[in-house]
Structures are given as structure tokens and as C-alpha cells.
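Okay, so here's the structure we're looking at.
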Amino acid sequence: MKKTVVTFAQAKKNHEKLTMLTAYDYSTAKLIDSAGIDAILVGDSLGNVMLGYEDTLSVTMEDMIHHGAAVARGAKEALVIVDMPFMSYQTSVYDAVVNAGRLMKEARAQAVKLEGGVEVCPQIKAITDAGIPVMAHIGLTPQSINAFGGFKVQGKSEAAAKKFFTDALAVQEAGAFSVTFECVPEKLATYVTNKLDIPTIGIGAGAGCDGQVLVYADMLGMFSDFTPKFVKRFGETGQVMTDAFKAYIEEVKNGTYPTATHTYAIDDDVIEKLY
Ligand code: KIV
């Protein structure tokens, strides 16, 4: 059965952990979906993982729609959430609603995610008022990397922890159905999780969140440009792929691939008539 935002609300009520992974293409989405994940996030991390940018700032609406639609076609049961890219919602409430609508209509997302706290609450309210579920994202918000001065743990000082708590309450009040906590101390994330009615999804925020999210290429060991402390490798797929690519190159070079089992037959007399 297709999972929805109601699945998220029920999981919080029943103290069941939620699972989320990113995906950016049809085949990976199908694999993750068939493993039984609750939600697939088409993160703007596709800028790093798929497109090779050093941050997420260059990702466009067209990128998110193209990859989001591919994931939506592969996800039969998982809730599909698509990130709103940099400058698709910060500019105005109007832009936010129009662009969230495009992700629903053209990518067939079931929800959108956007970064920020109090300052984006008018956008969260307007998008949810339009019938589009919003996941908020606070703590380390990669679209603000230049304002932060780098990828740093957030919420450590008293003022920063208070701001984090205020932001969490504000996005809930604005109508977000869930909120991602990125790179904040575990005790802070746990405290705020217990104060919220909506489920929190942590990445680098410890085990006290209501669920967890990871970038699939990180947890499979496929992306090595940088590896944050919170990433656990659940597989060495990068190595498996490299070994397979090398074996293919070797077999083509030495003539052991393809063999008769990989080729198509034709009657000899057809060939003879070519002479
Ligand atoms: O873009 C992304 O993949 C994300 C996750 C890291 C939460 O926002």
C-alpha cells in the first residue's frame, strides 16, 4: 500500500521509527522501495552525488523535476518527497507555491521539502494551504552554506539551541507534516523531538529522532568526495562496482566476453548467401 503523510503521523503516535533514503533515478528508487522503506527523498544532494557540483546551489527546478519524476515512477509504496532547490521558494511566497505545485504536477511528488525555520514559515503555510504537504529542514541547511561559512554542526551554543527549538516549533505551527534535523547535537535533537507533535527525521542528529535519513550513495560507499561523521556504510557498493567494471574491461580485452551464451544464432545458409 502507498505510504502517505498519514503513515508518518501514525508512526510518531505509535513510537515506530521512520526510514528514509535519498534516490535520484528510477532503478535505485525501485530497489529502495522494494526493500520496504517508508519514504524516498529526491534530495537536492543530487547536485553533489549525481551532477558533481561542490554544493547544492546550482541545482534547478528542471533538475528536480527530471529526477523526481524518475523516482516517482519507481516508488510504488514509499512516500516520495522532492526537495525545493535553492531560490525556488526563498524569493517569495508566490514563487514557493508555484514551484511546489510544479513538483507535484510535473514530478508527481507527494510532498516537498524546503530548508529554513521561522523565516520560511509564510512559505510553509501557503504551500500547505494549497494542499501540498511540506517537510521542513532545520539545523545545518546546505543551501545556506555560505552564510554558515562551511559544513558545521549547528545548535551548540545556548542561543543557537534556542533558535533551533524556536524554528522547530514555528515550522510545526506553520503546518509542516514532518521536519528534518541535520547535524545538531543528539541531546538537542532528542529534547526537541519529544516536544513536537510532528515526526522528526534525523541526519547527523542521533538516535532520539523519530526516524533517520541518509544519502543512499553515502550509505552504500559509492560517493567518496567527502564523508560526514554521521555516515555509516551499510555496503561497499562502490568497490563492488569498480571490481565489476575492471572484470568487464579485462574480459573484453582478452576475448573471454562475450561467449556463445551471450550471442544470437543464425542459419549458416543465410550467411553463405551473402558471399
Ligand atoms: O538533499 C538531501 O539529500 C537532504 C538530506 C541530506 C536530508 O536534504
Side-chain angles (χ1 to χ4, degrees), residues 2-5 8 20-33 37-76 78-116 119-120 123-124 126-128 130-138 140-146 171 175-180 182 201 203 213-218 222-223 225:
K2 190 73 173 162
K3 292 176 181 164
T4 67
V5 293
F8 266 54
M20 181 157 96
L21 282 171
T22 67
Y24 318 101
D25 68 278
Y26 171 78
S27 300
T28 309
K30 257 184 101 170
L31 288 169
I32 295 174
D33 189 70
I37 202 91
D38 290 313
I40 298 181
L41 171 67
V42 187
D44 61 355
S45 52
L46 77 83
N48 309 98
V49 178
M50 294 285 114
L51 305 177
Y53 298 138
E54 65 181 32
D55 54 41
T56 57
L57 303 187
S58 301
V59 175
T60 64
M61 277 295 296
E62 272 56 42
D63 292 331
M64 297 311 301
I65 289 167
H66 183 73
H67 289 266
V71 168
R73 288 190 287 270
K76 299 290 172 240
L79 174 72
V80 176
I81 304 165
V82 178
D83 260 350
M84 299 197 68
F86 183 54
M87 286 299 129
S88 69
Y89 59 94
Q90 292 93 339
T91 43
S92 70
V93 169
Y94 177 82
D95 286 349
V97 176
V98 168
N99 286 320
R102 286 193 68 198
L103 295 176
M104 303 297 280
K105 284 168 81 95
E106 298 175 51
R108 302 298 302 182
Q110 291 169 269
V112 299
K113 178 165 82 54
L114 55 80
E115 297 181 7
E119 69 284 4
V120 292
Q123 283 89 332
I124 294 174
I127 297 170
T128 52
I132 300 172
V134 178
M135 176 178 275
H137 180 160
I138 61 173
L140 176 61
T141 46
Q143 292 178 14
S144 305
I145 198 67
N146 289 305
V171 297
F177 77 94
S178 176
V179 53
T180 294
E182 180 163 354
I201 306 296
I203 176 162
V213 58
L214 281 176
V215 169
Y216 92 90
D218 285 342
M222 290 170 66
F223 183 73
D225 288 4

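Note that these values count all heavy atoms, side chains included, but never hydrogens, waters or copies made by symmetry.
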Shortest non-hydrogen contact between [X] and [Y], atoms and distance:
X: T128; Y: G175; result: CG2-O, 3.5 Å
X: A72; Y: A107; result: CB-O, 3.4 Å
X: A111; Y: F177; result: CB-CE2, 3.8 Å
X: P142; Y: L57; result: O-CD2, 4.4 Å
X: I37; Y: A78; result: CG2-CB, 3.7 Å
X: S88; Y: P85; result: OG-O, 2.6 Å

Side-chain heavy atoms of [X] within contact of [Y], under 4.5 Å:
X: V215; Y: V49; result: yes
X: M20; Y: I81; result: yes
X: I201; Y: I203; result: no
X: E115; Y: Y89; result: yes
X: D218; Y: L214; result: no

Is [X] reaching over with its side chain to a backbone N or O of [Y], donor-acceptor style, under 3.5 angstrom?
X: T22; Y: Y216; answer: yes
X: Q143; Y: G116; answer: no
X: K2; Y: A75; answer: yes
X: E182; Y: T141; answer: no

_Residues forming a salt bridge (Lys or Arg N to Asp or Glu O under 4.0 Å) with D33, sequence neighbours excluded_ = none
*Taking only residues two or more places apart in sequence or in another chain, which ones pass salt bridge (Lys or Arg N to Asp or Glu O under 4.0 Å) with D83?*
K113
Going from [atom1] on [X] to [atom2] on [Y], what distance comes out if it is rounded to the nearest 0.5 angstrom?
X: I65; Y: T60; atom1: CD1; atom2: OG1; value: 8.0 Å
X: N99; Y: T91; atom1: CG; atom2: OG1; value: 7.0 Å
X: M64; Y: Y24; atom1: CE; atom2: OH; value: 8.5 Å
X: H66; Y: L46; atom1: NE2; atom2: CG; value: 10.0 Å
X: N48; Y: D225; atom1: CG; atom2: CG; value: 8.0 Å
X: I40; Y: I32; atom1: CD1; atom2: CD1; value: 5.0 Å

*Any pair with a residue in residues 50-59 that passes side chain to side chain donor-acceptor pair (under 3.5 Å), sequence neighbours left out, goes on the list, sorted by first then second residue, please.*
none
*Picking from V171, D44, V134, what satisfies side chain to side chain contact (heavy atoms under 4.5 Å, CB included) with L114?*
V134
*According to the salt bridge (Lys or Arg N to Asp or Glu O under 4.0 Å) rule, which pairs have a member within residues 98-109, sequence neighbours left out?*
E62-R102, R102-E106
*Keeping to residues at least two apart or across chains, list the salt bridge (Lys or Arg N to Asp or Glu O under 4.0 Å) pairs with something in residues 84-97.*
none
*Taking only residues two or more places apart in sequence, or in another chain, which ones meet A100 in a side chain to side chain contact (heavy atoms under 4.5 Å, CB included)?*
M84, V112, I127, I132
_Regarding T28 and D25, do their side chains bring together a donor and an acceptor under 3.5 Å, going by distance alone?_
yes
